[in-house]
Amino acid sequence: MEALALKLMSAVPALAGVPLWAMTLLVMVVVAVILLVFALTFGGLGSYVLRKVAGDIQVRIGPNRVGPYGLLQFLADGVKLIMKEDIIPAKADRFLFALAPYLVFVGSFAAFVVVPFGVGLIASDLNIGVYYVMAVTSLVVIGVLMAGWASNNKWALLGGMRAVAQIVSYEIPVGMALLPAVLIAGSLSLQDIVRSQGGLLGIFGWNLFHNPFTFFSFFLYFTAAQAETNQTPFDLPEAESELVSGYNVEYSGIRYAFFFLAEFGDMFVVAALASACFLGGWHVPFFRAETLPGAWGNLLSLGAFLVKAFGIVLVMMWVRWTLPRLRVDQLMRMSWKYLVPLTFVNLLGVSLWLLVFRGKGIPQLIASIF
Amino acid sequence: MTRPTEALHTQEMLINMGPQHPSTHGVLRVLLRTDGEVVVNARPDIGYLHRGLEKIGERVTYAQFMPFTDRLDYLAGMNCNCAWAWAVEKLAGIEVPERAEYIRVIVSELNRISSHLIAFGSFTADMGAFTPFLYSIREREVVNDLFEMVCGNRLTYNYARVGGVSADLPQGFLEKTKEFLDYFEPKIDEYNNLISYNKIFVHRLANVAVISAKDAVGYGLTGPNLRGSGVKFDLRKDEPYSVYPKLEFDVCVGTGERGALGDCFDRYMVRINEMRQSIRILRQAVAQIPEGPVMAKVPRLFKPAAGEVYFRSECPRGETGFYIISDGTTNPSRLKIRTGSFVTMNIFETVTKGLMIADIVAVIGSFDIILPEIDR
Amino acid sequence: MNGDGMGLREYINDIVEAVVTTAKGMRITARYGVDAKEEVTQQYPEVRREPEERFRGFLRNDIARCTSCTMCVKVCPVDCISLESVRGADKKMVLVSYDINIGRCMYCGLCVEVCPPKSLTHTAGYEMAMFERGEMVLHFVQEEGGEIKARVAKQVAEAAAKAAEAAKAAEAAKAAEAAKPAEAAKPVGLPAANPAPKEDLSAEAPGGSKADPEKKA
Ligand code: SF4
Ligand code: SF4
């Protein structure tokens, strides 16, 4: 941030008089607002796409009344949610009840900070990026448990408990499945991980094709992440047909909207991590975006990244509208008996691979033959 | 060293599931006593939809009761219509023209398909997969169109009459039925591929709420719930009525293919297979249906002789039986209705012990209960 | 994911089966998702499905033909038809009021079936909304009940007075009687409470198309 502020000050002479700290703060706020707007827009449009995908799959049409093709549906929904009466149940724990949705939203929004949107387009290239994401998304757990507890509703409590059990146990396979990418790049920074996947026609540098283990790792990550974001078949915390609506059953109006946005924020973060760690992040296939002059490289890489991330989000929705839901014990069994061992084996495999082939992936090996 | 079980103080939780709950299939209330997610006891509380149908039956004439049978099982109105007509005809000894009987069988089997479609769809929706539900609704809509064509209504048909049916089949109905059957038959395979054999779905259902054949008979289960436990009993075969003896079909029973015999999956599969059998029956009935009148001569002021009768027929949710006592007047003197769903609720508390909350939903779905039938 | 102490083979089988069945299901949903032709939704207010010929919509009584026989009242299982009639000068019944409480009617069609002159019929209408439950009554006789009664009473009295003049007077009363239903038939086309959506639409459509060229000009 400071570097950016310095650059700006040296580039624009008029700003030279502004103290550095103020400039840095300004840049920070601007970046945060951009990210927030992105997150909100994604939440809104995401809900539209989710419903459209549902409509298409379920031989329906989906939203088509507000605006062209129903594109403004999310605005209408947003307005509706804001106008709704904000109900706090009489026996709820008012403080926790009010706090929970914001905590959940902060948890998912904070992860946006390290999402590598493109060449140089990252709010903060933390050197512990992956670690940071894992840590900060755990905040969601506390918010969800708070919401479930504070609602003073048994369904909500059950939903909250399920959510905590689920997110905590799936944190492990998620982390384990991401580690291969970290091992290959030798860094926890997401930008470094993305950079490590360049070259080789842009596609074959991807970690996905690095070796068989990373290939499986991607799918393991996808599955576990689906669970971490409470998507079907792992949507137990809100299991509509069992728990009515789970931990957010008592919420209405703007507070509900925050849960909703957090859910979509989570979805995007997961998709972004998947594309950054396995699908080459902002690398454009068959092209080197970094070499483009000026802002074009940034924009092109941003586009490539978003296309990949949205593609994954789309697949998540597709899965969501296909599969039934697991039961709680099956969910746990799936994590501890299937995903955790498999990710461990995978990690071991990747480590051995890197040891044996000196960090080279299959495409590189093939390329080195010629 | 204290054992953790002694140190930990746990409490059972009493949860009220319903009467407004997305997957109790109506206004069923289940009192859940749970230990965390594990259900210690689940006691169904019924009666929220009681309309006093049996009492109404005593206040209206035999013909007037027909529209009320639509409301007995609103997903299978045709079956209930016909069951009532058959019961009264048995009471009064009325001979029904053969064409009318064929028409009744055709609409009953069509209704069985549409009812099982809803059972299938809502069950999968309960299990968290919403898409198959909409597919099943799409197919059911075609059946509803057919019914609208034949009787003018899409849900409350009031089609059968004592002595026949209210109107002959309209032009083109049989062709459209055949079209529907050709369209529908491959869809069943699609359902199976989409969800029936899905690993998660199978795991949710297999070995859940196993009912042994002995228990099933002991608790008086009927219909697919009984057959799901492997008991080969179908009133259409074992106590044949109407023109069913002339039609060939198999009685589907549970096989325990994915778990223990009599689990939720078996009950589910029985319904899926029964749709195939209904298609088979329909194809034969459509081919065999004779020409002729559709209404027997029944006096307008219909007064059956004093006496009593019990007639039961195979409805989608099990045996629907009417016990009528006539005192020679225009109204039944006493009417008792036996419905499949109501009897099924008996076993609910027994089989749900020790299951998880999510399984309760599966059990309700696999029983395919419908509340107006339970509360009447 | 079932049973403990499974072998490695079952373990792998389990995973393979889960992946295969999921893929199968996703192929089906993808096919529907991509194929736009599979959409079955009809956009209701714009696209209307024509009800079938036998459709049992709102009831309608052509009171010109109704003989006040009360068959429909007797057969209705929920007692939603109420009918009042007086005996006219020519010994025929004259309808004073004929109301159907459509809030209670279940569209079973029994009344239509029994109506001897077939004056009671189902329309294809199924759209209606009102603010209060009390409004859910279709009135088929437009004229004030009291007026009819008074008029009929007058006619009956006249007829009685002219009974002495027998043939001539009776002839005249009959003529008056014959004229009355003819004038009554006009406003009856559709009952007052029925918003008659169909007519509204058809009335709007030509109006709209007329308005367009004007706007352009
Ligand atoms: S349709 Fe049925 S309920 Fe309605 S008025 Fe006629 S007989 Fe009564
Ligand atoms: S049955 Fe027909 S003719 Fe008789 S009163 Fe009713 S509507 Fe009039």
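Letters A, B, ... are given to chains in the order of the sequence lines, protein chains preceding strands, and every chain is numbered from 1. In this text the structure is predicted, and so the values were computed from the model without any measurement.
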Are more than 12 heavy atoms, taken from residues, nucleotides or ligands other than [X], located less than 6.0 Å from that residue's [atom1] atom?
| X | atom1 | result |
| --- | --- | --- |
| Y48(B) | OH | yes |
| Y183(B) | OH | yes |
| F342(B) | CZ | no |
| K84(A) | NZ | no |
| K187(B) | NZ | yes |
| R65(A) | CZ | yes |

Under a 4.5 Å heavy-atom cut-off, does chain A meet the side chain of [X], its backbone, both or neither?
| X | result |
| --- | --- |
| V38(B) | neither |
| A362(B) | neither |
| M356(B) | side chain |

Between R320(A) and F130(B), does a side-chain contact (heavy atoms from CB on, under 4.5 Å) hold up when you go through it step by step? CA-CA 9 Å; R320(A) 175 178 180 151; F130(B) 199 65; over 6 Å; no

Approximate separation, where rounding is to 0.5 Å, of [X] [atom1] and [Y] [atom2]:
| X | Y | atom1 | atom2 | answer |
| --- | --- | --- | --- | --- |
| R327(A) | H203(B) | CZ | NE2 | 9.5 Å |
| K154(A) | L14(B) | NZ | CG | 5.5 Å |
| N153(A) | I15(B) | CG | CD1 | 9.0 Å |
| L326(A) | F201(B) | CG | CZ | 13.0 Å |

Is T131(B) reaching over with its side chain to a backbone N or O of Q58(A), donor-acceptor style, under 3.5 angstrom? no

Is a donor on one side and an acceptor on the other found under 3.5 Å between the side chain of R138(B) and the backbone of V59(A)? no

side-chain contact (heavy atoms from CB on, under 4.5 Å) assessment of E37(B) paired with D329(A): CA-CA 9 Å; E37(B) 286 261 357; D329(A) 56 332; over 6 Å; no

Between W155(A) and H21(B), which heavy-atom pair has the shortest distance, and what is it? CZ2-CD2, 3.9 Å

Apply side-chain contact (heavy atoms from CB on, under 4.5 Å) to T322(A) and L194(B), showing your working. CA-CA 8 Å; T322(A) 305; L194(B) 173 60; 4.2 Å; yes

Can you tell me which of I357(B), L134(B), T124(B) forms the most heavy-atom pairs within a distance under 4.5 Å of chain A? L134(B)

What option among I360(B), D126(B), I195(B) has the most heavy-atom pairs under 4.5 Å with chain A? D126(B)

Report yes if some heavy atom in the side chain of R325(A) is under 4.5 Å from a heavy atom in the side chain of I200(B); otherwise report no. no

